[in-house]
Protein chains: 2
Amino acid sequence: MHRPTLADVALEAGVSRALVSIVMRDVPGASDETRARVKAIAERLGYVPDQRARQLRQSSSRLLGVTFDLHQPFHGDLVEHLYTAAAEHGYDVAISAVAPSRDEPEALRALQRERCEAVVLLGSALDDAALSAGARAMPLLVVARRSGLDAVPSVRSDDRAGVGLAVDHLVSLGHRAIVHVDGGTAPGADDRRAGFRAAVERHGLGEARIVPGGSTETAGADAAEALLREGLPTAIVAFNDHGASGVLDVLVRGRHDVPGEVSVVGYDDSRLAVARQTQLTTVSQSAGDLARAAVDGVLALLDGRRPDDVVLTPELVVRQTTGPT
Amino acid sequence: MHRPTLADVALEAGVSRALVSIVMRDVPGASDETRARVKAIAERLGYVPDQRARQLRQSSSRLLGVTFDLHQPFHGDLVEHLYTAAAEHGYDVAISAVAPSRDEPEALRALQRERCEAVVLLGSALDDAALSAGARAMPLLVVARRSGLDAVPSVRSDDRAGVGLAVDHLVSLGHRAIVHVDGGTAPGADDRRAGFRAAVERHGLGEARIVPGGSTETAGADAAEALLREGLPTAIVAFNDHGASGVLDVLVRGRHDVPGEVSVVGYDDSRLAVARQTQLTTVSQSAGDLARAAVDGVLALLDGRRPDDVVLTPELVVRQTTGPT
DNA sequence: ACGTTCTACTAGAACGTTCTAGTTCCTCCT
DNA sequence: AGGAGGAACTAGAACGTTCTAGTAGAACGT
């Protein structure tokens, strides 16, 4: 008992396989009458076209690969929008997860075997060598990080400007003792650190105070504990929402009033920021815009053009973790 | 400029395509000498076998489909373990995401087109009709929920017992005023509610107090605010870690001591519970065990057997949100 | 009546693999 | 000397589609 094929439907309907193919794809070349008849028979037999055979035959697979981090909520948002953005251009999406037990090269290789036409890497940690090796096999585009390579365009939001927005907001509320809990080696961390330095200098706040952090809640919590020991500022700009969440936990459990005593700003506007009762003030990178730009970018690549790097302007979303000093 | 194929490698090496195929699959039938030579040439040309053509030819695709919720951290854990569990049996995994803009039937159809041999549905919300319709097309197995259908086995942990563990723990700490913030219509919510009722009765705590909640942090937070108005118990058992997290936020921000004044227990032992500074006491369903059982189950299905429903026993993980009353 | 153009359809090749059924050629046994 | 058996290799079909190049017949204009 195997799945019915085109041939089964054709036999049953008394027509050629080609005609069934025409009907199933809804392309011109069949009368309305046979169209209805064939469709009914296909339905009755439970026929579902075989994507593999289809793509084998067609030169283009119209399949876009996406690698993402299973445990990064913002990647979830991006993936969701990539599905719809790709569908708008008639592309299917194959996703391949990156996790502690499954590294990026492995995820990339899986997509390559699937014959994706191009791959979008979300927040990739691959170095230039690995990236250019991958780009030799298929068009690659990175999202939410820079690319040093000419062959690999990137779509990201302006991290320096984003952190600048956060600092501007805090300064306008009267804060002058502002600390950045950085992202360590995470993609984008360098830019955000630089953006923080630039903003602090722009406002003449003296030496920029930066403490080592990371992209997880524990990293944020550890940094907050260090700050408690060394002396709290009046405002903290975290590397991302995860980190801000860790910072918040430590502060609130330590009976510090947020935002009365300390203001906290996150980054990403992930579900974490929205859904949490925390109501985190954060910098929003529109997942929808990033996804659309990424899809446009890979389509340009497939078209043989080298798209410009896209740098979107982030927005500040003020919620309830920031207030006047 | 297209990807090199078997034929290209064969031509370059001066052998037949069949021989190259033999070499690439590492099956017996080629001398060590040609094996090395062909592999070198394949490497040089950048040849990567075409998974689609391969699976088209072979009767079995050795491909397992998995649908999961992009925004559910516990699903991330499960997917990660499914990758490795499937690999142990020589199976590849194709994942298909469910999200607000992409419903379950859509995700399932994508996997069907990919010709997966069977599909594992994580925490599916499909009703019996949809489930049995899907099961007619390919073997299906649900994880983390019950299945009413004979055709669809299920792998889950014992939700009633899990909530029982949580209540036992709280009672042993001296609590008698315990509230359950339930999961509404989420998969498994009924069992957990029933488990709470049973445990409360077993300990003779009087009428079970249950307030409506849900599977998100906001739902948990809303429920906590209702509790603040109506009168706090000494302990709260949440539907899952997400919900517990929302409850915690409201409590801590309202200057209530956890666990001094109120104890809180979550469910799932997701990264949320571990990584958060919260150090949530929670009930752990081992993602690894669930994943392995799920893979064993679908393989049995493919073998023509109907595997027994698997109900794993959950474990209580005591961290720092529960204490003596 | 004759071409032209359109519609509805079909035969058969092609996509990149793997499988089946060989064919050589060498070695070993009696 | 005459197989038997095995190792190394190959030709060609097969998987389920879509594509190309066609055919038959109707409709239309002149």
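Below, read A as the first sequence line, B as the second, and so on, with proteins coming before strands; counting in each chain starts at 1.
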Notebook entry, point to check: Does the side chain of D269(B) come under 3.5 Å of the side chain of Q285(B) through a donor N or O and an acceptor N or O?
Noted result: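 Note: D269(B) and Q285(B) side chains miss the donor-acceptor criterion.
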Notebook entry, point to check: Just by distance, with hydrogens left out, do S31(B) and R35(B) show a side-chain donor and acceptor under 3.5 Å apart?
Noted result: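 Short answer, no.
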[atom1] of [X] versus [atom2] of [N]: gap in Å, rounded?
X      : N       : atom1 : atom2 : value
R52(B) : dA14(D) : CZ    : P     : 25 Å
L56(A) : dT17(D) : CG    : C1'   : 8 Å
L11(A) : dG16(D) : CG    : P     : 14 Å
L6(B)  : dT18(C) : CG    : P     : 6 Å

Margin query: Quick check: any donor-acceptor pair below 3.5 Å linking the side-chain of R25(A) to the base of dT18(D)?
Written below: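 No, the side chain and the base share no sub-3.5 Å donor-acceptor pair.
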Item checked: dT17(C) base / R57(B) side chain donor-acceptor hit below 3.5 Å ->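 Side chain to base: no pair below 3.5 Å.
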Note to self: Walk me through whether D309(A) and R306(A) qualify under salt bridge (Lys or Arg N to Asp or Glu O under 4.0 Å).
What the structure shows: CA-CA 9 Å; D309(A) 282 4; R306(A) 165 57 161 93; 3.3 Å; yes
Notebook entry, point to check: Closest approach of I22(A) and P28(A), non-hydrogen atoms and distance?
Noted result: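 Heavy-atom minimum between the residues: CG2-O, 3.9 Å.
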I'd like to know if [X] pairs up with [Y] as an ion pair, taking the criterion as any Lys NZ or Arg NE/NH1/NH2 lying under 4.0 Å from an Asp or Glu carboxylate oxygen.
X       : Y       : value
E12(B)  : R44(B)  : yes
K39(A)  : D26(A)  : yes
R52(A)  : D50(A)  : no
E80(B)  : R102(A) : no
R146(A) : D191(A) : yes

Next item on the list: Please tell me which of the listed nucleotides, dA11(D), dT17(C), dG12(C), lies nearest to the side chain of R17(A)?
Entry: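 Of the options given, the side chain of R17(A) lies nearest dG12(C).
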Checklist line | Closest nucleotide among dT10(D), dT18(C), dG16(C) to the L19(B) side chain | finding: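 So the side chain of L19(B) is nearest to dT10(D).
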Next item on the list: Taking only the side-chain nitrogens and oxygens of S16(B), find out if one of them lies under 4.0 Å from OP1 or OP2 of dT10(D).
Entry: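 For S16(B), the contact criterion (side-chain N or O under 4.0 Å from OP1 or OP2 of dT10(D)) is met.
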Margin query: Tell me the bend of the helix from dA1(C)-dT30(D) to dT30(C)-dA1(D) as the angle between end helix axes, each from five pairs, rounded to the nearest 10 degrees.
Written below: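 Here the helix ends are tilted 50° relative to one another.
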Next item on the list: Taking only heavy atoms on the protein side, list every residue of residues 30-38 of chain A lying under 4.0 Å from any atom of DNA chain C, sorted numerically.
Entry: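 Here the set is A30(A), S31(A), T34(A).
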